[in-house]
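The chains referred to below are lettered A, B, ... by the order of the sequence lines, with proteins before strands, and numbering in each begins at 1.
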2 protein chains.
Amino acid sequence: MARYCSLMLKSKDSYHHGDLRAALIKAGEAVLSETGVAGFSLRSVAKNVGVSHSAPAHHFGDAKGLLDALATEGFRRFLAAMQARQSAETSKDARQQLLASSHGYLDFAISSPALFRLMFATDMSNVKSEELAAAAQASFMHLADGVARLRGVSPFEEPTAMTDVMAIWSMVHGFSELYISDRLGFPDCKAPEDRDAVLNDIIKRAMA
Amino acid sequence: MARYCSLMLKSKDSYHHGDLRAALIKAGEAVLSETGVAGFSLRSVAKNVGVSHSAPAHHFGDAKGLLDALATEGFRRFLAAMQARQSAETSKDARQQLLASSHGYLDFAISSPALFRLMFATDMSNVKSEELAAAAQASFMHLADGVARLRGVSPFEEPTAMTDVMAIWSMVHGFSELYISDRLGFPDCKAPEDRDAVLNDIIKRAMA
DNA sequence: GGCTTTATCTTGTCATTGTCAAGATGAAAT
DNA sequence: ATTTCATCTTGACAATGACAAGATAAAGCC
């Protein structure tokens, strides 16, 4: 049969895929967002891409391998979301920049809730993938840097600044988790402004 | 064969169990804490109790039914943990009482991390079980009551007080999630005092 | 007591899944 | 042109969730 279109990652008549790894990650994220981790299966992802049921094994080993890759990709986009908001913030005030990053944090959680949950679902001490650990660490460092600029001291040298990091991170993370789980009682419509205002309010408390 | 002991929930020679529902919940929590949701299976729980693989179906319907029951039981003990800490607090100051409740919140998360994650893993809007919704709601009301005593106004009547609820809840929840996931960089040994001091510090910020 | 009803638990079955082993394909290296 | 190797497929097996049908015993009823 003929090829469908050059943009398709998989040409139906070819034995080899071309970029199966990327295609599996893309399809995996789609499956994850539709069904959550509960309905996630290697075989359904493989079927979505149009390859055999054990094609993923060669690239990711086992199921956890693909989930780790998804979480890694998630952390990279997570960091990008925070950086994007921070860059879009016109004020160069460290306080405003950190607030903007926090909104990027929430942006990501809202846009990819299942991925967000996956990323924070396991103990960091049990993480085997060095790529995942590095991507998660990079996200943390973004917040730590923000606090460093705010306080003028490195959190790794000044314990009180590290407490600031923990406070801000706990606040924005808790709010994000509770928000995407519909536990904060925000009405579905007309919420964005209220939501952003509340986030601003409470993040400022964490900075104090 | 003879019965083992009157305390055992299951007598080996009896067809009927006696209190299978409670036994399944107990065993289910054990399996959950050992393997996490990933390794959780109805059949392994049934095997742990010593009943057939489809015995749980009659009491919980499907796998999600048992997980819902576990989450419900979890929220009850979660509330009890907060109340226990609050009662143990000698000061009657609303501020100190709320701080004590927060420590109960973290206590529970640390003592039952897998259960804690399960309880907050899904959207409240998708919850079918009314028992689960009620148990979760009761936990939320405990925090809301604490803020009501602190502010002297009901959060349901005064928006600023509701913001206080969100701030405190986000802070303690985020800290708990990040702490049990080993993301806050607390050293394993000699941490409890530091941990409690940090929690006190940051919860006070949320109250401000 | 004897009978029926009902809740509880078991057995058997099927589709789905994760994982492994062995083989097929084709691209790259030599 | 041949070899080598990464990539993908096929086939198999055990574990699992879910369902149907049957076995057991407790409770209700006469």
Side-chain angles (χ1 to χ4, degrees), chain A residues 1 3 8-28 30-32 34-71 118 121-122 128-129, chain B residues 1 3-4 6 8-28 30-32 34-71 118 121-122 128-129:
Chain A
M1 302 301 291
R3 293 159 185 275
M8 282 195 62
L9 290 168
K10 163 85 174 183
S11 41
K12 283 275 175 101
D13 51 352
S14 69
Y15 192 94
H16 285 355
H17 182 281
D19 197 359
L20 181 56
R21 185 186 164 88
L24 287 171
I25 288 184
K26 183 178 178 181
V31 171
L32 194 68
E34 287 167 11
T35 70
V37 263
F40 183 89
S41 81
L42 274 183
R43 288 170 108 108
S44 67
V45 175
K47 195 172 295 182
N48 266 28
V49 175
V51 294
S52 79
H53 63 262
S54 56
H58 186 263
H59 293 276
F60 303 103
D62 54 1
K64 187 164 170 41
L66 177 51
L67 289 176
D68 279 354
L70 284 174
L118 172 68
T122 55
K128 304 280 181 79
S129 163
Chain B
M1 303 300 290
R3 290 159 187 278
Y4 285 81
S6 60
M8 281 197 63
L9 289 170
K10 161 85 174 181
S11 43
K12 283 275 174 101
D13 52 351
S14 70
Y15 193 94
H16 286 354
H17 182 280
D19 196 0
L20 180 58
R21 184 186 165 86
L24 286 172
I25 287 183
K26 183 178 178 180
V31 171
L32 194 68
E34 287 167 10
T35 71
V37 264
F40 183 88
S41 81
L42 275 183
R43 290 169 108 108
S44 67
V45 175
K47 194 172 294 183
N48 267 27
V49 175
V51 294
S52 79
H53 63 261
S54 58
H58 186 264
H59 293 276
F60 302 103
D62 55 0
K64 186 164 171 43
L66 177 52
L67 289 176
D68 279 355
L70 283 174
L118 172 68
T122 56
K128 305 281 181 81
S129 163

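Remark on DNA chain D: of its neighbouring residues B:Gly61 and A:Arg21, the 5'-side contact belongs to A:Arg21, judged by nearest-heavy-atom nucleotide.
Rounded to whole Å, the distance from CG on B:Asp62 to P on D:dA20 is 14 Å. For the pair B:His53 NE2 and D:dA15 P, the interatomic distance rounds to 13 Å; values are reported in whole Å. The CG atom of B:Leu20 sits 5 Å away from the P atom of C:dC9 (whole-angstrom rounding). Taking atom CZ on B:Phe60 and atom P on D:dG17, their separation rounds to 14 Å, with Å as the unit. Between B:Lys47 atom NZ and D:dG17 atom P the separation is 11 Å, expressed in whole Å. Whole-Å rounding puts the A:Asp19 CG to D:dC8 C1' distance at 14 Å.
With D:dT9, C:dT17, D:dT16 as the choices, the nucleotide that has an atom nearest any side-chain atom of B:Arg43 turns out to be D:dT16. Side-chain atoms of B:Leu42 lie closest to D:dA18 of the nucleotides D:dA18, D:dT9, D:dA12.
At the heavy-atom level, B:Ser54 lies under 4.0 Å from base atoms of the strands shown. In this structure, A:His59 reaches the sugar-phosphate backbone alone: every heavy-atom distance under 4.0 Å involves primed, P, OP1 or OP2 atoms, never a base. Note on A:Ala63: only backbone sugar-phosphate atoms sit closer than 4.0 angstrom, heavy atoms only; bases stay farther off.
In the interface, the side chain of A:Ser41 is not paired with the base of C:dT16 through any donor and acceptor atom under 3.5 Å apart.
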Legend entry - Verdict with reasoning, A:Val45 to A:Phe40, per side-chain contact (heavy atoms from CB on, under 4.5 Å): CA-CA 8 Å; A:Val45 175; A:Phe40 183 89; 3.8 Å; yes
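Note that the CG atom of A:Leu24 and the NE2 atom of A:His59 stand 6.5 Å from one another [nearest 0.5 Å]. Note that OG1 of B:Thr122 and CG of B:Asp68 are 7.0 Å apart. Values are rounded to the nearest 0.5 Å.
Taking side-chain N and O atoms only, B:His58 has no distance below 4.0 Å to OP1 or OP2 of C:dC9.
For the side chain to side chain contact (heavy atoms under 4.5 Å, CB included) test with B:Val31, the passing option among B:Leu70, B:Leu42, B:Val37, B:Asn48 is B:Asn48; the others fail.
Side chain of B:Ser54 to main chain of B:Ala57: no donor-acceptor pair is present (N/O by atom type, distance under 3.5 Å, no hydrogens or angles).
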